[in-house]
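As the structure is a computational prediction, the values presented were derived from the model and not from experiment.
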Amino acid sequence: MLKEVQEVKVGGRTRRVYVRPFAWNLHAPTHMEWTPDGRLLVVERTTGKVKDVTKGGDMEEAKPFAWGLQGPSSMCPLPDGRILITEFWGGRIRDISVGGPSEKLAIYAEDLSKPYSLALDALGRLLVTEHLGHGVGRISILASGKAVPLVQGVPSVETPGFEGYTPPHAWPDRWEGFVAGCGKWGTDPKVFPDRPYVFAVSIGGLGLIVGVPEDGGHYEALAPEHTFARGLGWTGGMIAHPFDGMLYVTQPLQGEIRAINPRESRNYRFDPPVVSGIPMASCVRFTPDGEKMLVCSPQSGAIWQVEGFSD
């Protein structure tokens, strides 16, 4: 049950965390992103729409910013101001910068295999996760509209609880999920000051977060040496706080957000969450001042606002 005021024990003391709805009457909101001009956009996966939720409130009658998309999943703003979005069911990436119906939106890349996460790494390279089926995925670099594999053999495990957000007729297998970055947090030098990582990948069903060096490689070779967080529950979207360098990751099945210190390697099994009770928490972002956390909940059709989560 979601409590508006939660008490979390951290470092021998108790901290009060405050939770309230920020935007509601959304349809399966699974991902959100800030645009370069300060708007907060959210994906409605099941309706194929992207909505502007900057001001919050009741979104039932809100006019969509973009619509007609096939399984919109992850957005990524580029340095030049463009906003890209993956179409998981359509196997492509579109430029939604100007908004409007999908048929009028430019295609950035196509012929991809179930693209989901879209992120910039610390080198400014655009990365996309692709799901190849049979429990295997990969992370590719997008260059001139073409996907060049960077990390092969990434475990892509069926994600329970999302059956209602995927069309059973579209694929012989269910949606398989892992998330690479789910945001541009890899560009922040505070995250990995002493490690050769350019981004990180969260392996949903394994409860691991693995750092990835510039040259990538095969997952089986990377994981033993570069896993810096383990013992987590099923993980979803993640991003670093803009000021403290801590990495915050969602745990959809537990309805929790966990705080990870990427400057150390350890097991987080017994660490308390920073907030709990958010149904199927799938994506986390922060307000520009870093004071408030925003969390997507496709099950409750809302975005929740969290305060008091950090020192």
Side-chain angles (χ1 to χ4, degrees), residues 2 6 8-11 15 17 19 30-31 74 116-117 119 127 129 131 135-137 139 151 153-162 175-183 185-186 188 190-192 195 197 199-212 219-220 222-241 244-286 293-299 304 306 309-310:
L2 179 59
Q6 302 182 16
V8 181
K9 291 185 178 180
V10 180
R15 174 188 300 145
V17 176
V19 186
T30 54
H31 179 85
S74 177
Y116 189 79
S117 293
L127 308 177
T129 62
H131 304 263
V136 178
I139 303 169
V151 182
V154 181
S156 179
V157 186
E158 289 185 351
T159 307
F162 277 89
W175 177 48
E176 299 172 335
F178 64 92
V179 182
C182 193
W185 66 273
D188 189 339
K190 295 191 300 293
V191 177
F192 296 125
R195 299 190 183 194
Y197 303 148
F199 72 99
V201 57
S202 127
I203 311 297
L206 304 183
L208 305 176
I209 300 178
V210 181
V212 179
Y219 172 79
E220 289 186 357
L222 293 173
E225 182 179 355
H226 300 297
T227 296
F228 62 87
R230 55 184 58 83
L232 300 166
W234 204 290
T235 57
M238 60 182 179
I239 197 167
H241 190 274
D244 68 14
M246 294 291 286
L247 175 62
Y248 290 80
V249 61
T250 66
Q251 296 192 283
L253 301 186
Q254 291 89 343
E256 299 174 348
I257 307 293
R258 291 290 186 98
I260 306 298
N261 186 349
R263 294 170 291 279
E264 60 184 22
S265 298
R266 66 181 183 88
N267 192 310
Y268 285 84
R269 182 178 181 183
F270 299 107
D271 281 39
V274 297
V275 64
S276 60
I278 299 179
M280 290 300 290
S282 63
C283 177
V284 56
R285 289 293 181 265
F286 299 98
M293 175 191 294
L294 300 172
V295 184
C296 277
S297 169
Q299 194 172 79
W304 297 89
V306 183
F309 58 89
S310 173

Inset, instruction - Determine, step by step, whether Val274 and Val17 satisfy the side-chain contact (heavy atoms from CB on, under 4.5 Å) criterion, reporting the C-alpha distance in whole Å, the side-chain angles of both residues, the deciding distance to 0.1 Å, and the verdict. - result: CA-CA 8 Å; Val274 297; Val17 176; 5.8 Å; no
Legend entry - Heavy-atom closest contact (Ala200 atom, Met238 atom, distance): O-CE, 3.6 Å
Inset, instruction - Calculate, to the nearest 0.5 Å, the distance between atoms OH and CD1 belonging to Tyr219 and Ile139 respectively. - result: 10.0 Å
Inset, instruction - Please round to the nearest 0.5 Å and tell me the distance separating atom SG of Cys283 and atom NE2 of His31. - result: 5.0 Å
Inset, instruction - For side-chain contact (heavy atoms from CB on, under 4.5 Å), just list the numbers for Val212 and His226, CA-CA rounded to whole Å, side-chain angles, deciding distance to a tenth of an Å, and then say yes or no. - result: CA-CA 7 Å; Val212 179; His226 300 297; over 6 Å; no
Legend entry - Check: Arg258 side chain, Thr235 main-chain N or O, donor-acceptor pair, under 3.5 Å: no
Inset, instruction - Can you see which heavy atom on Pro252 is nearest to which on Gly236, and at what distance? - result: CD-N, 3.8 Å
Inset, instruction - Hey, could you give me the CZ/CD1 distance between Arg230 and Ile203, rounded to the nearest 0.5 Å? - result: 13.0 Å
Inset, instruction - Please work out whether the ring planes of Phe228 and Tyr197 are parallel, tilted or perpendicular, with thresholds of 30° and 60°. - result: parallel
Inset, instruction - Could you go through the side-chain contact (heavy atoms from CB on, under 4.5 Å) check for Asn261 and Met246 one step at a time? - result: CA-CA 5 Å; Asn261 186 349; Met246 294 291 286; 3.9 Å; yes
Inset, instruction - Report yes or no: does Gln251 contribute a side-chain atom to a donor-acceptor pair with the main-chain N or O of Leu232 at less than 3.5 Å? - result: no
Legend entry - Geometric class of the Phe309/Tyr248 ring pair [parallel <30°, tilted 30-60°, perpendicular >60°]: perpendicular
Inset, instruction - Could you pull out the closest heavy-atom pair between Ser117 and Thr129, with the gap in Å? - result: N-OG1, 2.9 Å
Legend entry - Any side-chain heavy-atom pair of Val19 and Val275 under 4.5 Å: yes
Legend entry - Neighbour count >12 (heavy atoms, 6.0 Å) for atom CD, Glu264: yes
Inset, instruction - Considering non-hydrogen atoms only, spot the tightest contact between Ala240 and Leu247 and give its length. - result: N-CD1, 3.9 Å
Legend entry - Whether Ser297 side chain and Ile278 backbone form a donor-acceptor pair below 3.5 Å: no
Inset, instruction - Specify the closest pair of heavy atoms between Gln254 and Gly233, including all atoms of both residues, with the distance to one decimal. - result: NE2-CA, 3.2 Å
Inset, instruction - Find the distance between OG (Ser265) and CD1 (Ile260) and round it off to the nearest 0.5 Å. - result: 11.0 Å
Inset, instruction - Could you tell me which non-hydrogen atom of Thr250 sits nearest to which non-hydrogen atom of Ser282, and how far apart they are? - result: OG1-O, 3.6 Å
